[in-house]
Number of protein chains: 2
Amino acid sequence: MAERLTGKPVADAIKEELKGKVADLKAKGIVPKLGIVRVGARPDDLYYEGGAKKTCESVGMEYEVFEYPQDIDQESFEKAITEIGARKDIHGILMFSPLPKHLNERKIRSLIPVEKDVDSLTLGSAGKVFADDPTGFPPCTPTAVMEILKYYNIPLEGKRAVVLGRSLVVGKPAAILLLRENATVTICHSRTKNLPEVCREADILVAAVGRAKMVKENYVKPGMVVIDVGINEDPDNPGKYCGDVDFDKVEPIVDKITPVPGGVGSVTTAVLCKHTVRACELLNGLA
Amino acid sequence: MAERLTGKPVADAIKEELKGKVADLKAKGIVPKLGIVRVGARPDDLYYEGGAKKTCESVGMEYEVFEYPQDIDQESFEKAITEIGARKDIHGILMFSPLPKHLNERKIRSLIPVEKDVDSLTLGSAGKVFADDPTGFPPCTPTAVMEILKYYNIPLEGKRAVVLGRSLVVGKPAAILLLRENATVTICHSRTKNLPEVCREADILVAAVGRAKMVKENYVKPGMVVIDVGINEDPDNPGKYCGDVDFDKVEPIVDKITPVPGGVGSVTTAVLCKHTVRACELLNGLA
């Protein structure tokens with residue numbers, strides 16, 4: 001039976017560390033604060049927002065929610081984002097996306113100050129991540145992947161890591177972060193030939209395609225560490241979630257695996273708060 | 001014997017296309033112009049500059065060289081770059097690096113307008129490349145690699161590409177550009193275990209490590225396409241250059257290979273001019 005790499009202890013360890021940092025900041029009269037920007041009220045967004053708020057509270061951070069109606073116009077929303085970005089008391093900004101179609105999301109994202117862009121929504125953050133700039137924040141999800149690998153002492157140096165998926169939100173930044181840890185990284189995707197065979201080359205397989213249970217037993221081999229980033233509706237269990245990995249088929253073969261739910265997804269809000277605290281430190285010249 | 005993927009016909013084809021574009025722009029009263037910024041007079045920089053000027057001339061573009069003394073101070077240099085960046089008649093900026101140690105290169109790079117950053121010196125360009133933003137300019141060298149692959153009709157979709165080297169100037173952007181063409185991309189480096197074996201997985205091997213003749217016969221296999229980005233002093237022939245690939249040993253095995261000199265390096269200034277013409281078109285709302 002594979003070891004379960006559950007997210008909770010990882011998130012708990014991050015939060016424990018953050019409590020100390022937040023206390024230190026408060027002793028200096030600084031309270032790290034997350035601004036949460038939401039247009040409309042999609043259930044998924046509200047669910048994530050709930051988690052983010054709870055994590056903020058648990059580490060002593062503040063947050064403020066900026067909710068806008070679905071039909072907000074471009075000009076008003078640009079003004080709002082600019083004002084939030086300029087707020088001295090807000091150190092990190094989380095904006096839910098995609099925005100409604102009538103809005104120019106590209107333009108709006110560009111108005112988030114890169115120093116406060118704790119979930120990597122701007123091209124400035126993308127550039128910093130790509131360039132290994134230590135002041136840049138990668139998206140929370142691939143960072144959560146790295147936190148899990150670190151917490152469970154999975155060696156990466158010289159190991160083969162295969163990232164399945166090439167999105168800007170997960171696949172590509174995960175590849176860059178794994179490369180930083182001196183893994184040999186392969187990025188594969190829908191056009192990859194012999195996909196199961198390529199995935200079997202991995203010591204660490206990161207599945208981030210957003211297709212329920214796509215990674216079957218022929219994608220893995222004994223000894224492998226499988227990190228499942230997917231959160232999909234489970235086709236076999238209506239109302240439940242499942243990952244990109246067919247857990248029941250893969251788990252008996254591999255060495256370690258993250259569950260879904262309870263894996264990567266349960267670490268992301270801790271990362272969001274960690275980024276916000278770091279943004280607060282950087283903005284105050286303390287890091 | 002392997003087919004030689006020489007750079008000259010690739011550069012010629014690019015220049016031919018550029019001549020047409022430059023003529024079209026001139027008919028509209030617009031002359032694309034490259035600004036070349038150089039501190040001091042390193043022989044390598046002067047050599048590249050000579051090539052860039054010649055390419056500009058051959059396609060009908062203009063250029064202007066801004067040469068500064070080695071001991072220029074930060075403030076003066078920042079002012080100079082800002083002025084060059086603001087010049088309406090300059091559409092692309094090439095700045096030689098590294099700058100002398102007493103200068104804050106990071107700060108200076110950031111003053112180049114991303115719209116004119118035709119050799120990807122800014123974090124803004126890095127972000128656009130990473131995000132597959134079509135207005136972003138990747139560095140000239142990995143773009144030259146892609147131009148060679150395209151010119152010689154090397155299929156990339158679904159193929160295994162292995163990039164040896166992970167620099168921000170070549171390795172990482174080459175990986176992103178290969179990924180855009182739907183290759184399955186592996187990035188390996190000095191910490192990769194079993195490096196020759198990993199390289200042998202490639203249909204297309206891009207060597208960009210800057211170590212003379214490092215890629216030996218055990219790194220390749222029949223059928224492979226080898227793109228050699230290295231330009232190193234040849235340890236066996238003083239005063240001559242060689243690539244990262246041990247050409248004499250590798251060439252008899254593989255299917256296609258770029259020579260050094262005469263390969264990737266002979267395409268870069270054509271790419272520089274292509275980027276500058278495109279920057280000129282974009283800045284004038286014509287692309």
Report, in residue-number order, which members of residues 90-116 of chain A are under 4.5 Å from chain B by heavy-atom distance.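 If one takes a 4.5 Å heavy-atom cut-off, the residues of residues 90-116 of chain A near chain B are A:Arg106.
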
Taking 4.5 Å as the heavy-atom cut-off, does anything in residues 154-183 of chain A contact chain B, and if so which residues?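 Those residues of residues 154-183 of chain A which have a heavy atom under 4.5 Å from chain B are A:Glu157, A:Gly158, A:Lys159, A:Arg160, A:Arg166, A:Leu168, A:Lys172, A:Pro173, A:Ile176, A:Leu179, A:Asn182, A:Ala183.
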
Can you name the side chain to side chain contact (heavy atoms under 4.5 Å, CB included) partners of A:Pro222, sequence neighbours left out? A:Ile253

Considering only heavy atoms, give the residues of residues 190-201 of chain B separated from chain A by less than 4.5 Å, sorted numerically, with 'none' for an empty result. B:Arg191, B:Thr192, B:Lys193, B:Val198, B:Glu201

Count the heavy atoms of every other residue, nucleotide or ligand shown that sit under 6.0 Å from CZ of B:Arg42, and state whether that count exceeds 12. yes

In terms of heavy-atom contacts, does NZ of A:Lys150 have more than 12 from other residues, nucleotides or ligands at under 6.0 Å?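 It does not: A:Lys150 NZ has 12 such atoms or fewer within range.
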
Provide the closest heavy-atom pair for A:Leu123 versus B:Lys128 in the form atom of the first, atom of the second, distance. CD1-CG, 3.8 Å

